[in-house]
Amino acid sequence: MKIVAINGGPRKGQVSKTTMMLEAFLEGCRKAGAEVEVINLREKTINMCIGCYTCWVKTPGVCVHKDDMKDILDIRKGADVEVWATPLYIFGPTAMFKNFLDRSIPLYEPYIVEKDGLCAHPPRVADQVSDIVVISVAGFYELDHFRPMSDWLHFMAGRGLGRIGAEIYRSSAEFMSAPPLKPLTDKILEATKKAGEEYVRDGRIHEDTMKAIQLDIMPDQETFLKQANAFWDWDIDRWKKRRAGKQS
Ligand SMILES: Cc1cc2nc3c(=O)[nH]c(=O)nc-3n(C[C@H](O)[C@H](O)[C@H](O)COP(=O)(O)O)c2cc1C
């Protein structure tokens, strides 16, 4: 199985909870025998779609922009599964990730067909549509914050832009780098790795694994609010002191 992972997070390394979750998942996939390739969108030059439709009319399948997206589309063509990883930004994916999707329109035909009662563009190559595993992390406490993005992804899949194979959503994600919570974070990452193994082996993530991924890193919303706001107080104060130190 060839897996192509697209990371739409702007932050690097262990500061990025998207990357932490993605790496754990892919470790599990590799362990189960999958071949994995990772594309970090933040390292790529991908211009914004300018809506010229050159890729649909003048040079079918080829975008007017000469940038890294061409190679990315070529890599995607060989994927059995794509992992779409993005932090939750304003209840959706990052702009970088959305731009990646916009720039994927060369993979589709301009012609419009009826699909399950609604309009859709068919893929240029029929078997180009791969299974998609979504990984996203959010700052807020409740998993409900992922609902708009999950609904949007399912609607998009219904229009033929992919098949959602699994969704991994991790809320309260910023607490995953809090040293006192390391034992819980390790459990989450271990479960995420197991999810990768299960997905490659069984084509799905088991319910108990998903429960472990989504374990309450904070015991309740009240504690979450207290701890999160204490962090912001500490961080703002730290910078205030630094600024004051520079001035004196
Ligand atoms: C511009 C911006 C928008 C965000 N919007 C949301 C949001 O709508 N809901 C939420 O729970 N967290 C939101 N967050 C918090 C991030 O999802 C959270 O910090 C996450 O850990 C970032 O992923 P990363 O660690 O991979 O960078 C936002 C953060 C930024 C910078």
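Just so it is clear, the structure is predicted and the values come from calculations on it, not from any experiment. Atoms within a ligand are numbered from 1 in the order they appear, just like the ligands themselves.
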query: Are any of the side-chain heavy atoms of V4 and I6 separated by less than 4.5 Å?
result: yes
- line: To the nearest 0.5 Å, atom NE2 of H206 lies from atom CG of D202 at 4.0 Å
query: Against heavy atoms of I90, which atoms of ligand 1 measure under 4.0 Å?
result: 3 (C), 4 (C), 5 (N), 6 (C), 7 (C), 8 (O)
- prompt: Does K70 come within less than 4.0 Å of D74, counting only side-chain N to carboxylate O?
  reply: yes
- request: Look at atom 30 (C) of ligand 1 and say which protein heavy atom is nearest, naming residue and atom and giving the distance to 0.1 Å.
  value: Y89 CE1, 3.5 Å
query: Looking only at protein heavy atoms, which one is nearest to atom 27 (O) of ligand 1, and how far off is it?
result: R11 NE, 2.7 Å
field: NZ/NE/NH1/NH2 to OD/OE distance under 4.0 Å, K77 and E82
entry: no
task: Just need the protein heavy atom nearest to atom 22 (C) of ligand 1, so name the residue and atom and give the distance.
output: P87 CB, 3.6 Å
- line: Residues S150 and E167: closest non-hydrogen pair is OG-OE2, 2.6 Å
query: With a 4.0 Å cut-off on heavy atoms, is V15 touching ligand 1?
result: yes
query: Please state which protein non-hydrogen atom is closest to atom 8 (O) of ligand 1 and give its distance, to 0.1 Å?
result: F91 N, 3.0 Å
- request: Check whether any N or O atom of H145, backbone or side chain, sits under 3.5 Å from an N or O atom of ligand 1, and answer yes or no.
  value: no
- line: atom 12 (N) of ligand 1 has as its nearest protein heavy atom G139 N, 3.2 Å
- prompt: Nearest protein heavy-atom contact for atom 26 (O) of ligand 1: which residue, which atom, what distance?
  reply: T18 OG1, 2.6 Å
query: Can you name the closest pair of heavy atoms from R124 and Y108 and give their distance?
result: NH2-O, 3.2 Å
- prompt: Touching ligand 1 at all, G9? Heavy atoms, strictly under 4.0 Å?
  reply: no
message: Distance under 4.0 Å to a non-hydrogen atom of S16: what atoms of ligand 1 satisfy this?
response: 24 (P), 25 (O), 26 (O)
query: Can you list every pair that meets side-chain hydrogen bond (donor to acceptor under 3.5 Å, both in side chains) and has a residue in residues 44-53, with sequence neighbours left out?
result: N47-D67
task: May I ask you to list the atoms of ligand 1 that are less than 4.0 angstrom from any heavy atom of V137?
output: 17 (O), 20 (C), 21 (O), 23 (O)
- request: Drop me the distance from R42's CZ to T94's OG1, to the nearest 0.5 angstrom.
  value: 11.0 Å
query: Mind checking whether H145 and F91 have parallel, tilted or perpendicular rings, split at 30° and 60°?
result: parallel
task: Could you tell me the residue and atom name of the protein heavy atom closest to atom 19 (O) of ligand 1, and the distance to it rounded to 0.1 Å?
output: E174 OE2, 2.5 Å
message: Looking at every non-hydrogen atom in both residues, tell me the closest pair between W84 and L161 and how far apart they are.
response: CH2-O, 4.4 Å
query: Any idea which protein heavy atom is nearest atom 14 (N) of ligand 1, and the distance to it?
result: L88 O, 3.4 Å
- prompt: Could an N or O of ligand 1 be found under 3.5 Å from any N or O of F140, whether backbone or side chain?
  reply: yes
